[in-house]
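Counting starts at 1 for both ligands and their atoms, following the listed order.
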Amino acid sequence: MATKRILTGMRPTGALHLGHYVGALKQWLALQDEYECFFLIADVQALTTHVDRPRVIEESVREVVLDWLGVGLDPTKPNVCFVLQSSLPELTELTAYFTMLVPFTKMEHNPTIRAELKDLKKSATAGFMIYPISQAADILLFSPYPPEKSDKLLVPVGEDQVPHLEETNQIARRFNALYGKTFLECKPEVGEIGRLPGVDGKSKMSKSLGNAIQLKDGPDTVSKLVSKMFTDPKKLHRDDPGHPQRCPVYLYHRAFSTSQMFRGRATKCKTGRLGCVECKKELADILNNFLEPIRTRRAEAEKAPLDTYLRQGTEKAREIGQNMMKVIRHAMHLDYPSVKSSLTKGG
Ligand code: ATP
Ligand code: MG
């Protein structure tokens with residue numbers, strides 16, 4: 001039977017936000033019944049920007065698990081694993097091997113790395129510059145083996161991750177060419193809205209940029225954040241013609257309204273029959289209705305055995321990872337124990 005697997009993850013650098021929902025979690029939820037899912041809490045990757053804030057990472061592991069449970073991911077299903085990256089030393093080993101397959105200058109040409117470098121206040125560490133390689137290891141360690149045509153390795157992510165997945169597939173191809181067909185190429189799965197801007201309307205909504213509406217934010221916080229949102233600067237009065245395609249509030253409506261509620265909004269804005277204040281008020285109500293069941297489930301999840309979910313998921317992932325590492329070491333002629341024993345036998 002074909003193996004259909006998902007490997008994807010999030011960095012524990014804070015609580016999750018609406019961007020995570022539209023960019024990733026919505027797709028994860030749609031696929032969790034059909035695929036074997038490995039949802040990674042990327043705490044080692046979090047160190048690329050938070051090496052001086054270990055407490056934030058530790059606390060955020062819990063936040064991320066609660067948010068995942070809040071949106072409805074279900075680790076009690078046998079096919080759904082929550083995995084803690086730092087508990088899989090195989091990933092560190094595979095990252096080291098993969099660094100040898102990528103030209104040194106390649107990383108600084110990656111468009112996502114370039115954009116993130118601009119946001120980094122201090123200079124980037126070597127670990128930061130090579131995180132797309134460690135991400136390739138995260139993904140390819142879970143490549144179904146032996147790779148069959150009908151197998152799938154899907155990576156549901158936001159748009160900013162696509163260059164990293166191209167890099168992953170280049171590494172897979174290079175490895176396969178050098179050492180024989182070992183890895184399947186992964187397939188990015190980007191949702192309808194691959195990049196949700198923050199409430200500042202400029203940058204991507206991000207945990208680190210302070211421009212996020214968090215999934216756990218209460219109704220008043222959500223309403224306040226929405227009321228301050230950036231809108232079309234040319235629409236100063238209700239009857240001014242607006243430009244919804246350039247307005248982040250309109251994009252949020254597209255992401256979170258039902259099609260019935262969304263219909264006609266652009267025309268009303270363009271023809272001066274909908275003011276920004278009213279439009280934002282409606283958005284705040286839509287977001288609060290959307291977030292209410294998430295908040296309730298998240299509060300209930302506080303009582304759930306979070307550690308057990310993480311431990312069980314990580315153990316299952318580790319078993320797969322350990323087996324795959326044997327295959328990889330063998331392909332690379334690095335399985336020394338057998339070499340050593342044959343040397344002693346041969347005399
Ligand atoms: P940080 O600022 O710490 O990097 P982040 O908010 O970028 O945090 P990540 O953990 O790096 O979050 O991203 C996890 C997943 O969520 C990735 O698949 C990413 O593409 C997706 N994602 C994050 N922010 C957004 C967004 N604003 N729009 C769409 N997808 C997003
Ligand atoms: Mg990020």
Looking at non-hydrogen atoms alone, which of [options] comes nearest to [atom]?
atom                    : options               : result
atom 9 (P) of ligand 1  : K207, Q45, Q161       : K207
atom 6 (O) of ligand 1  : H17, R195, E159, E116 : H17
atom 13 (O) of ligand 1 : H20, H164, Q27        : H20

Show which atoms of ligand 1 fall inside a sub-4.0 Å distance from at least one heavy-atom site of [X].
X    : result
G158 : 18 (O), 19 (C), 20 (O), 30 (N)
V157 : 18 (O)
K204 : 5 (P), 7 (O), 23 (C), 24 (N), 25 (C), 26 (C), 27 (N)
S206 : 1 (P), 2 (O), 6 (O)

Any carboxylate oxygen within less than 4.0 angstrom of a Lys/Arg side-chain nitrogen, looking at [X] and [Y]?
X    : Y    : value
R298 : E63  : yes
E315 : R318 : no
K234 : D240 : no

ask   = Do K4 and Y35 meet the cation-pi criteria used here (NZ or CZ under 6.0 Å from the six-membered ring centre, within 45° of the axis)?
value =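 Yes - K4 lies over the ring of Y35, closer than 6.0 Å to its centre and within 45° of its axis.
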
query = So, the side chain of K280 versus the backbone of M229: is there a donor-acceptor pair under 3.5 Å, distance only?
reply =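 Yes: the side chain of K280 pairs with the backbone of M229.
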
key: Side chain S227, main chain K224, donor-acceptor under 3.5 Å   =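 Looks like yes, one N/O pair under 3.5 Å.
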
inquiry  = Does the residue V22 have a heavy-atom contact with ligand 1, meaning some pair of atoms that are separated by less than 4.0 Å?
reply    =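 It does not; every heavy atom stays at 4.0 Å or beyond.
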
inquiry  = Could you go through R297 and E300, starting from their C-alpha distance and side-chain angles, then the distance that decides it, and tell me whether this counts as salt bridge (Lys or Arg N to Asp or Glu O under 4.0 Å)?
reply    = CA-CA 5 Å; R297 260 195 311 263; E300 280 164 13; over 6 Å; no

request  = Give the contacting part of D160 toward ligand 1: side chain, backbone, both or neither, where contact means a heavy-atom distance below 4.0 Å.
outcome  =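 The part of D160 near ligand 1 is the side chain, not the backbone.
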
query = Hey, is ligand 1 close enough to M205 that some N/O pair sits below 3.5 Å?
reply =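 Yes, there is a polar N/O contact under 3.5 Å.
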
